[in-house]
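Scroll down for the structure; my scribbles are underneath it.
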Amino acid sequence: MTISTTSAAASPATIKSSTTPVVRRDWVQSEILALFDRPLMDLLYEAQQVHRHYHDPNKVQLSQLISIKTGGCAEDCAYCSQASSHQTGTGLTATKLLEVERVVASAKKAKDGGASRYCMGAAWTSPKDRDLDSLVAMVQGVKELGLETCMTLGMLTDHQTAELKKAGLDYYNHNVDTSEEYYSKIITTRSYQDRIDTLERVRAAGINVCSGGIVGMGESRADRAGMLRTLANLPEHPDSVPINMLVAVPGTPLENVEKLDPFEFVRTIAAARIMMPMAEVRLSAGRQSMSEELQAMCFFAGASSIFYGEQLLTTPNPENNKDMALFKKLGVSPA
Ligand code: SAM
Ligand code: DTB
Ligand code: SF4
């Protein structure tokens, strides 16, 4: 079978939508539910128009993850393989903080593979000050390679945000995860407000905010809308919005949760794009079990970024050559 491919370089000039989408931070729940309720084609059409206004529809940004400290976490997030309370079930082995040299060497490989941002994640409630020197050195080392830097380390103090900013940290990832209403069904060890407070601290320190959540955890459509409402009504929209499809890890409390309809996932991406027009909306965890067609639909709905590389934090992700083959078929190029 011959597969015809297109190349972004050879394609005609990208069609831009003419009307400027309004950037709002006053979304009410009924409006968001009305977005989710729209016929899919109408929702996708609007999302794509908004997308084209601020983003090149034929470019997708590549962020690569590394787990710099795995497992043994004192929090009880029901989806997470790294909570110490789930580790007997998940069989995950906890590790200490990786050495700086190892992290920088892996970042170099990620850069050589095509990633433009390197996201370092730690299974912590919050970092200890004794780890700060290593974290600072990781940011500096990764930045020197010419990569954008991102960290996700849990809650931060003002001192820690200031030190990470000084080291050159570009982004901090801290997800609200779900709606305020559903949050207590998923996490009991820290509050929704704790998450929001950390986001404010990160923003105040001048670090770009990366915040999104997970769908497919048994939440309702109202919860998915509520999660987007929280994000879109923050004092400033997050710069990056990762939308994760739950990876149902065996041994976690959510291992047998009912799978979300893929079209509902696409609707969530489209609503995020419409509500936060300028943000980078990232098609995040869960791609390993998504078809190429579903991923393409997510890009059409406004996803402008993916997690790239064969590993997320503790679970697999598609191999680079598989992603590059998909991009070729779609005429998409990495950014
Ligand atoms: N411990 C830090 C924290 O929770 O902020 C940083 C790392 S934590 C693993 C980062 C994010 O990954 C979580 O907030 C969650 O949104 C996402 N995540 C974790 N496990 C997941 C899973 N099984 N499926 C989908 N997303 C997941
Ligand atoms: C985000 O929103 N998703 C990433 C990143 N930020 C840190 C993590 C996904 C983790 C998926 C499950 C795992 O590999 O452990
Ligand atoms: Fe810990 Fe983060 Fe996993 Fe929650 S999501 S258990 S805070 S590593």
Side-chain angles (χ1 to χ4, degrees), residues 63-87 89-92 94-95 97 117-127 131 135 150-156 171-178 182-183 186-192 194-199 201-202 209-219 227 231 238 240-255 257 259-260 265 268 272 279-290 303 305-318:
S63 286
Q64 189 146 339
L65 282 164
I66 182 172
S67 179
I68 57 170
K69 189 267 169 188
T70 305
C73 184
E75 304 294 320
D76 68 351
C77 311
Y79 49 78
C80 189
S81 60
Q82 306 199 65
S84 53
S85 49
H86 311 151
Q87 266 179 244
T90 60
L92 190 82
T95 67
L97 183 62
R117 188 178 305 169
Y118 200 59
C119 179
M120 297 161 263
W124 282 325
T125 298
S126 45
D131 294 318
L135 296 171
C150 177
M151 281 187 155
T152 179
L153 315 168
M155 295 180 277
L156 296 179
Y171 290 81
Y172 194 76
N173 167 245
H174 200 64
N175 292 339
V176 297
D177 279 343
T178 187
Y182 199 63
Y183 187 85
I186 299 296
I187 301 159
T188 68
T189 44
R190 50 170 158 58
S191 73
Y192 207 66
D194 288 336
R195 306 296 275 179
I196 307 282
D197 291 346
T198 294
L199 293 177
R201 202 162 283 135
V202 167
V209 168
C210 171
S211 188
I214 312 176
V215 297
M217 299 195 292
E219 78 285 342
M227 173 181 91
L231 295 167
S240 295
V241 180
I243 305 291
N244 296 275
M245 177 78 108
L246 175 75
V247 179
V249 180
T252 61
L254 297 183
E255 68 173 311
V257 78
K259 281 199 172 19
L260 187 72
F265 184 75
T268 311
E280 202 158 59
V281 173
R282 183 167 305 117
L283 166 54
S284 301
R287 287 198 305 114
Q288 179 75 340
S289 55
M290 290 181 196
S305 165
I306 56 170
F307 281 123
Y308 180 66
E310 61 193 34
Q311 179 88 357
L312 292 167
L313 291 173
T314 66
T315 66
N317 197 42

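We count ligands from 1, going down the list as the structure has it; atoms in each ligand are counted the same way. The analysis underlying the following values was restricted to heavy atoms, covering all of them including side chains, and did not include hydrogens, waters or symmetry mates.
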Point to revise | Side-chain (Y192) to main-chain (Y182) donor-acceptor, under 3.5 angstrom | key: no
Check your understanding: Which of the numbered atoms in ligand 1 are below 4.0 angstrom from a heavy atom of L313?
Key -> 9 (C)
Review point. What is the nearest protein non-hydrogen atom to atom 12 (C) of ligand 2, stated with its residue, atom name and distance?
Key: T315 OG1, 3.6 Å
Check your understanding: Are C73 and ligand 1 in contact, using a heavy-atom cut-off of under 4.0 Å?
Key -> no
Exercise for review: Considering the heavy atoms of Y79, write down every atom of ligand 3 situated less than 4.0 Å from one of them.
Suggested key: 5 (S)
Point to revise | N, O or S from C73 under 2.8 Å to atom 3 (Fe) of ligand 3 | key: no
Point to revise | Proximity winner for atom 4 (O) of ligand 1, if only heavy atoms of M151, E255, K69, R190 are counted | key: R190
Review point. For atom 3 (Fe) of ligand 3, what is the nearest protein heavy atom, given as residue, atom name and distance?
Key: C80 SG, 2.3 Å
Exercise for review: Give the atoms of ligand 2, by number and element, whose distance to some non-hydrogen atom of L65 is under 4.0 Å.
Suggested key: 4 (C), 5 (C), 7 (C)
Review point. Any idea which atoms of ligand 2 are less than 4.0 Å away from a heavy-atom of N175?
Key: 1 (C), 2 (O)
Check your understanding: Have D76 and T189 got a donor and an acceptor in their side chains that come within less than 3.5 Å?
Key -> yes
Practice item. Answer whether the closest heavy-atom distance between the side chains of L65 and Q311 falls below 4.5 Å. Key: no
Practice item. Please round to the nearest 0.5 Å and tell me the distance separating atom CD1 of I306 and atom CD of E280. Key: 11.5 Å
Check your understanding: Does even one non-hydrogen atom of G154 get within less than 4.0 Å of ligand 1?
Key -> yes
Point to revise | Where ligand 1 meets R195 - atom numbers and elements under 4.0 angstrom, heavy-atom basis | key: 4 (O), 5 (O), 14 (O)
Exercise for review: Could you see which bit of P242 sits under 4.0 Å from ligand 2, with heavy atoms only: side chain, backbone, both or neither?
Suggested key: side chain
Review point. Which residue and non-hydrogen atom of the protein lie closest to atom 27 (C) of ligand 1, and at what distance in Å?
Key: I214 CD1, 3.6 Å
Point to revise | Contact atoms of ligand 1, heavy-atom distance to A122 under 4.0 Å | key: 1 (N), 2 (C), 6 (C), 7 (C)
Check your understanding: Got the closest protein heavy atom to atom 6 (C) of ligand 1, with its distance?
Key -> T152 OG1, 3.1 Å
Review point. Purely on distance, is any nitrogen or oxygen of N175 under 3.5 Å from one on ligand 1?
Key: yes
Review point. Do T314 and Q82 come close enough that some side-chain heavy atom pair is under 4.5 Å?
Key: yes
Check your understanding: Considering Y172, W124, Y79, which one's heavy-atom position lies nearest to atom 20 (N) of ligand 1?
Key -> Y79
Review point. Closest approach of F307 and N317, non-hydrogen atoms and distance?
Key: O-ND2, 2.9 Å
Point to revise | Enclosure of E310 CD (heavy-atom neighbours >12, cutoff 6.0 Å) | key: no
Check your understanding: Who's the nearest protein heavy-atom neighbour of atom 15 (O) of ligand 2, and how far?
Key -> T314 OG1, 2.6 Å
Exercise for review: Please examine the side chains of M217 and V257, heavy atoms only from C-beta on, and report whether any two atoms are closer than 4.5 Å.
Suggested key: no
Practice item. Considering only non-hydrogen protein atoms, determine which one is nearest to atom 24 (N) of ligand 1 and report residue, atom name and distance to 0.1 Å. Key: V247 N, 3.0 Å
**Study point:** Identity and distance of the protein heavy atom lying nearest atom 4 (C) of ligand 2
**Key:** F307 CE1, 3.6 Å
Check your understanding: Any side-chain donor-acceptor pair under 3.5 Å between Y79 and D177?
Key -> yes
Check your understanding: Under 4.0 Å from atom 8 (S) of ligand 1, is there any protein heavy atom?
Key -> no
**Study point:** Sub-4.5 Å side-chain heavy-atom contact between T152 and N175
**Key:** no
**Study point:** Protein heavy atom at shortest distance from atom 10 (C) of ligand 2
**Key:** L313 CD1, 4.1 Å
Point to revise | Side-chain heavy-atom pair V176, Y183 within 4.5 angstrom cut-off | key: no
Check your understanding: Going by the atom numbers of ligand 1, which of them fall below 4.0 Å from some non-hydrogen atom of A285?
Key -> 25 (C)
Check your understanding: Going by heavy atoms in the side chains, are I187 and T178 under 4.5 Å from each other?
Key -> no
Review point. Under 3.5 Å, is there a donor-acceptor pair between the S305 and R117 side chains?
Key: no
Review point. For atom 3 (N) of ligand 2, which protein heavy atom lies nearest, and how many Å away is it?
Key: N244 OD1, 3.0 Å
**Study point:** Contact atoms of ligand 1, heavy-atom distance to D177 under 4.0 Å
**Key:** 13 (C), 14 (O), 15 (C), 16 (O)
Review point. If you round to the nearest 0.5 Å, how far is SG of C77 from CZ of R190?
Key: 4.0 Å
Practice item. Compare all side-chain heavy atoms of T70 with those of L313 and state whether any distance is below 4.5 angstrom. Key: no
Point to revise | Atom indices of ligand 3 within 4.0 angstrom of R190 heavy atoms, with elements | key: 4 (Fe), 7 (S)
Point to revise | Contact check, side chains of F265 and K259, non-hydrogen atoms, under 4.5 Å | key: no
Check your understanding: With a 4.0 Å heavy-atom cut-off (strictly under), which part of H174 contacts ligand 1: side chain, backbone, both or neither?
Key -> side chain
Point to revise | T252 to C80 - nearest heavy-atom pair and separation | key: CG2-O, 3.5 Å
Point to revise | Protein heavy-atom partner closest to atom 6 (N) of ligand 2 - residue, atom, separation in Å | key: N173 OD1, 3.2 Å
Check your understanding: Under a heavy-atom criterion of less than 4.0 Å, does T152 contact ligand 2?
Key -> yes
**Study point:** Modelled atom types, side-chain donor and acceptor of R287 and Y308, under 3.5 Å
**Key:** no
Practice item. From the options S84, A74, G72, C77, select the one whose nearest heavy atom is closest to atom 4 (Fe) of ligand 3. Key: C77
Exercise for review: Give the residue, atom name and distance (to 0.1 Å) of the protein heavy atom nearest atom 8 (S) of ligand 3.
Suggested key: A123 CA, 3.5 Å
